[in-house]
Amino acid sequence: MLSTGSVFSQNRDSLYTQYKKESDPKLKAAALLIYGEEILRHNIDSALSCGYIALQTAKKLNDKSLVAEANMLIGYSFEASGKYKDALNCFLIASDINKKNRNKPKLAQCYTAMGVIYWYQGFYDKAEEYYKKNIEICLELNDLSGLGASYGNLAILFDEKKELDNALIFYKKALAIFDNGKKPAQTAACLDNMSLIFKQKGDFSQARSYNLRSYKIRESLHDSIGMLASMGNLGSIFIAQKNADEAIEISQQVLSIAVRLGAKEDMKSAYYNLKDAFELKKDYKSANAILNKLMDLKDSLRNMDNANQIAELEAKFKTKEKEVELSEVKLMQELREVENSEKLKKKNYSIIILSLVGVFILLLAVILLKRFNEKQKVAEEFSAKNKAIEFQKTIIDTAYHELTERNKDITDSIKYAKRIQEAIFPSAVHFSKLLPQAFTLFKPKDIVSGDFYWVEKGKDDAVFVAVVDCTGHGVPGAFMSIVGFNLLNKAIHENKCDDPADILNQVNIDLTETLKQTFEESAVKDGMEISLCKWNKEKNELLFAGANTIVYHISDDQINIIKGNKHPIGSFYGEQLKPFQTAKIIVKKNDCVYLFSDGYADQFGGPKGKKFKYKQLEEFLLSIAHEAMETQKQKLDEVFEKWKGDLEQVDDVCIIGIRI
């Protein structure tokens, strides 16, 4: 569907010919950069090569402006291929040079590019900060084109915040500027983004109309990357209209072209659309396969290491700026000292001349000079101490501000990870549909959790339910929880496991393959503890398998403790993985079954700051088992919080209660 036309080819050939004809090294490098910008949206790797060749020439010539231009082209090439840390590094270098050269138009361009990088990484506050910096410069220079770009970028941020009316206002402002300025590429981008706003508002006629206008403009410009974006957005509109087949067809086209071009953001968009389309068709096997590919791609585009590296990169450039400022301050101080020294010499010379007038005047002058020097010395010492205190205070304030910003960026990234984790866990509707008389008490220790719960429908009206405690908590535990959740789904959907022990054995095998763990490495204990039950409602039969866990069964005011195998997922027996066995639990109507991790019983608190312990948990569950399930959840939560008091929560907590 996408191809480069003859107009583009002629323009490209003309620019390449101009580059080859130039003999002057500076003009030759400048021509190569223009050629690289022309092919960027059609051949990312070739554009990147042009940038590097021009950069080598610029460094040999020691031409700072040309170095900045080359870094901009390299940065845009890295951005297009999803290498955001490398892209930001290039834009920071370019912005530093443009700031020193007082090249405000190019500096504004750098700010916009940096804002886009932060937006891709999910740092919306930082993105908004750089967009507003761009707006300030554009208003000062009356740069309507740059102003329109920033209005469009702000509209994207409002879209992310679901402030759709505000987003439309800024898109219309940007569109008016681009139309009047005859900027077809920017006009197309604005129209495409507006189509997504109308899609969210449910106005599909307007959404299709704006999307088509955008695609036709990009097609006339032979803008391959832009046409991909329009096609991807059209796929999302088809999904919103419940038109799964057309969404799958166009998304597969987008994916094929994006892979060829190395356009990872467009690959991600295509995966999202394919996953949603397969879910519309209830083809959950295909949807799950797409989801796994999407998670791999998202990890490469936006991960904690990448986010930390970006934050450290900006901090290094800010430190460099401060070092320059301190050097300037030190130079000014040295100049003042020289000036004071010259003044002191003049005063001494005057004193020598006055001494010739008479001994009396000389003695008087010596006394006055001595007193003056003493007072001046005291004043200078006092002034120096004040300056030292003020300087230290400035350093402390700056360090505190930077630490606060870095902590906020890290917290924002973890909160984003929490949204991903919550999206994977079973919804409340799904849980209550499969287990109408049940509750879940889920209390993560940190923002994200190493504990999770899992509910899936099996064969013959059977229901699988599990509570899983992964190694660690917080971010490491959350990563393991996503692995565990996918392996449980894989065991029953792909491997067709139907018995709890078979499921745990399959998860055990898949986990060691996923983590590449061997018998010699098993001491690392990368694994999980699982309580897994299968409840056949028709037969009223409950099967249980446990990996280093137990379950409680309460019947006729008696509590039965059913123990699983005494080893977790990831344990070896000799050089073989340790197997699991299934236990059958005889249940009858109104019995209660409880699955749980160790976080509740291990919590320190109470009058003496001791553990809650399993014995106390058993007695408490026995006392409330006759009450409604929601009431049981509320009382478990209240007792936990009262026991914990002001102490820190020591681990993730997850309890599932089921009434038969």
[atom1] of [X] to [atom2] of [Y]: how many Å apart, nearest 0.5 Å?
| X | Y | atom1 | atom2 | result |
| --- | --- | --- | --- | --- |
| L621 | Q616 | CG | CD | 11.0 Å |
| F91 | Y130 | CZ | OH | 12.5 Å |
| C470 | F452 | SG | CZ | 5.0 Å |
| M629 | C592 | CE | SG | 4.5 Å |
| L274 | L294 | CG | CG | 10.0 Å |
| L291 | Y272 | CG | OH | 9.0 Å |

Holding to side-chain hydrogen bond (donor to acceptor under 3.5 Å, both in side chains), I want the full list of residues that pass it with [X], two or more places apart in sequence or in another chain.
| X | value |
| --- | --- |
| K613 | none |
| E648 | K445 |
| K588 | S555, D556 |
| D498 | K534 |

Is the shortest side-chain heavy-atom distance between [X] and [Y] below 4.5 Å?
| X | Y | answer |
| --- | --- | --- |
| L434 | V465 | no |
| V507 | L488 | yes |
| D651 | D469 | yes |
| N489 | W454 | yes |
| L441 | F596 | no |
| L88 | Q121 | no |
| L511 | M480 | yes |
| V467 | I655 | no |

Taking D510 as the fixed residue, which of N505, N495, V483 is the one that meets the side chain to side chain contact (heavy atoms under 4.5 Å, CB included) rule?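 Result: among N505, N495, V483, N495 is the only option passing the side chain to side chain contact (heavy atoms under 4.5 Å, CB included) with D510.
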
Any side-chain to backbone donor/acceptor pair from [X] onto [Y]? Under 3.5 Å, distance only.
| X | Y | result |
| --- | --- | --- |
| N565 | Q581 | yes |
| S269 | D266 | no |
| K496 | H493 | yes |
| Q603 | V650 | yes |
| R659 | A625 | yes |

Under 3.5 Å, is there a donor-acceptor pair between the N536 and E541 side chains?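 E541 and N536 do not have a side-chain donor-acceptor pair below 3.5 Å.
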
With distance as the sole criterion, is a donor-acceptor pair present between the side chains of K490 and Q506 under 3.5 Å?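 There is no such pair (donor and acceptor under 3.5 Å, judged by atom type) between the side chains of K490 and Q506.
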
Over 12 non-hydrogen atoms of neighbours within 6.0 angstrom of [atom1] in [X]:
| X | atom1 | answer |
| --- | --- | --- |
| L647 | CG | yes |
| K610 | NZ | no |
| K537 | NZ | yes |

What pairs with [X] under side-chain contact (heavy atoms from CB on, under 4.5 Å), at least two apart in sequence or on another chain?
| X | result |
| --- | --- |
| K566 | none |
| K161 | E128, E163 |
| E618 | Y552, I559, I561, Y614, K615 |
| N193 | I156, Y171 |

Only one of T471, T549, N548 forms a side-chain hydrogen bond (donor to acceptor under 3.5 Å, both in side chains) with E529, so which one is it?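 That would be N548.
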
Return the set of residues passing ring pair (Phe, Tyr, Trp, His ring centres under 6.0 Å) with [X] (not counting sequence neighbours), or none when no residue passes.
| X | value |
| --- | --- |
| F278 | none |
| F544 | none |
| F580 | H567 |

Parallel, tilted or perpendicular, as decided by the 30° and 60° cut-offs, for the rings of Y453 and F442: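 Ring orientation of F442 relative to Y453: perpendicular.
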
Let me see the working for L157 and Y131 under side-chain contact (heavy atoms from CB on, under 4.5 Å), right down to the final yes or no. CA-CA 10 Å; L157 289 180; Y131 292 156; 3.7 Å; yes

Nearest heavy atoms of [X] and [Y], plus distance in Å:
| X | Y | result |
| --- | --- | --- |
| A270 | S251 | CB-O, 3.7 Å |
| I586 | H553 | O-CE1, 3.2 Å |
| A466 | I530 | CB-CG2, 4.3 Å |
| L280 | A244 | CB-CB, 4.0 Å |
| Y118 | K126 | CG-CB, 3.8 Å |
| N273 | G232 | ND2-O, 2.8 Å |

From CA spacing to verdict: side-chain contact (heavy atoms from CB on, under 4.5 Å), S597, D652: CA-CA 8 Å; S597 64; D652 302 316; 5.8 Å; no

Sort and list the pairs that fulfil side chain to side chain donor-acceptor pair (under 3.5 Å) and have at least one residue in residues 631-646, not counting sequence neighbours.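 Side chain to side chain donor-acceptor pair (under 3.5 Å) check on residues 631-646 returns K443-D637, K443-E641, Y594-Q632, E627-K635, Q634-E638.
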
Under the side-chain contact (heavy atoms from CB on, under 4.5 Å) criterion, do V587 and N540 qualify, and how do the steps go? CA-CA 7 Å; V587 294; N540 209 21; 4.1 Å; yes

Report the C-alpha separation of D591 and V593 in whole Å, then their side-chain angles, then the decisive distance to 0.1 Å, and conclude whether the side-chain contact (heavy atoms from CB on, under 4.5 Å) test is met. CA-CA 7 Å; D591 285 1; V593 177; 5.6 Å; no

Taking only Lys NZ, Arg NE, NH1 and NH2, and the carboxylate oxygens of Asp or Glu, determine whether K201 and D165 approach each other closer than 4.0 Å.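 Salt bridge flag = yes for D165 with K201.
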
